[in-house]
Amino acid sequence: MSCEFIPTEHGTMVICSRGVRRKGCEVPTCQQLEVALCDWPVTRKGKKGTCDLRLCSTHRWKVPGAKDSDYCPAHQKLHEQQTPRLPGF
């Protein structure tokens, strides 16, 4: 059985498994393991869904004020461009 040690904002998470290997982050040149998928809303073939780009802890951006919502770097930029900022922030 192999175990992985994954740093989180609350400490270290230990995941032990006998089989399924986690896939890697899909951000170009990144070699880390995925911990989340991008939740940016998209439409594919007329059906609503999410981007689902695999993200490591470095490239995952937690959307402020949204529970369990993460964006990839490209969609983080779009979100920040589309979201008005309050003066002084």
Side-chain angles (χ1 to χ4, degrees):
M1 180 181 321
S2 63
C3 296
E4 287 182 59
F5 297 87
I6 301 170
T8 69
E9 61 192 43
H10 301 292
T12 301
M13 176 172 50
V14 179
I15 298 177
C16 298
S17 171
R18 272 194 236 146
V20 180
R21 290 187 180 253
R22 291 184 18 227
K23 296 182 180 181
C25 179
E26 293 182 299
V27 172
T29 71
C30 185
Q31 302 293 316
Q32 296 184 59
L33 294 174
E34 73 168 296
V35 296
L37 299 174
C38 178
D39 296 313
W40 183 264
V42 298
T43 303
R44 289 188 189 101
K45 298 181 182 179
K47 293 184 178 182
K48 292 184 179 191
T50 58
C51 168
D52 289 341
L53 188 77
R54 292 190 305 266
L55 304 167
C56 65
S57 58
T58 301
H59 292 110
R60 163 197 212 180
W61 182 70
K62 293 186 178 194
V63 181
K67 185 179 179 184
D68 296 326
S69 193
D70 307 294
Y71 289 163
C72 63
H75 288 130
Q76 174 187 356
K77 287 180 186 176
L78 282 175
H79 175 81
E80 290 173 343
Q81 290 170 355
Q82 295 174 2
T83 305
R85 299 186 85 177
L86 297 173
F89 289 92

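Quick note: residue numbers are just sequence positions, from 1.
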Is any side-chain heavy atom of [X] closer than 4.5 Å to a side-chain heavy atom of [Y]?
X     : Y     : value
Thr12 : Ile6  : no
Glu34 : Leu37 : yes
Pro41 : Lys48 : no

May I ask you to decide if [Y]'s main-chain N or O and [X]'s side chain share a donor-acceptor pair within less than 3.5 Å?
X     : Y     : answer
Arg44 : Thr50 : yes
Thr43 : Gly46 : no
Asp39 : Asp70 : yes

To check you understand the geometry: which heavy-atom pair defines the closest contact between Gln76 and Tyr71, and what is its length?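 For Gln76 versus Tyr71, the nearest heavy atoms are N-CB, 4.0 Å.
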Over 12 foreign heavy atoms within 6.0 Å of CD, Gln31: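 No.
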Nearest-0.5 Å distance that lies between atom CD in Glu80 and atom CG in Leu78: 10.0 Å
Atom pair SG/CG of Cys30 and Leu55 - distance to nearest 0.5 Å: 9.0 Å
Is the shortest distance from a Lys or Arg side-chain nitrogen in Glu26 or Arg54 to a carboxylate oxygen in the other one below 4.0 Å? yes
With the threshold set at 4.0 Å, does a side-chain nitrogen-carboxylate oxygen contact exist between Glu9 and Lys62?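 The answer is yes: the pair qualifies as a salt bridge.
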Among residues at least two apart in sequence or on other chains, which ones pass side chain to side chain contact (heavy atoms under 4.5 Å, CB included) with Ala66? Val63, Ser69
Ring centroid separation His79 to Trp61 under 6.0 Å: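 Close enough - the centres of the two rings lie under 6.0 Å apart.
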Determine, using the 4.5 Å side-chain heavy-atom cutoff (strictly less than), whether Leu33 and Met13 are members of one ILVMFWY cluster. no
Please check if Val35 and Ile15 belong to a single hydrophobic cluster, counting links between Ile, Leu, Val, Met, Phe, Trp and Tyr side chain heavy atoms closer than 4.5 Å.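 Yes, Val35 connects to Ile15 through the hydrophobic network.
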Could you go through Cys3 and Cys16, starting from their C-alpha distance and side-chain angles, then the distance that decides it, and tell me whether this counts as disulfide (SG to SG under 2.5 Å)? CA-CA 4 Å; Cys3 296; Cys16 298; 2.0 Å; yes
Cys38/Cys72 sulfur gamma separation below 2.5 Å: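 Between Cys72 and Cys38 there is no disulfide, given that their SG atoms are not under 2.5 Å apart.
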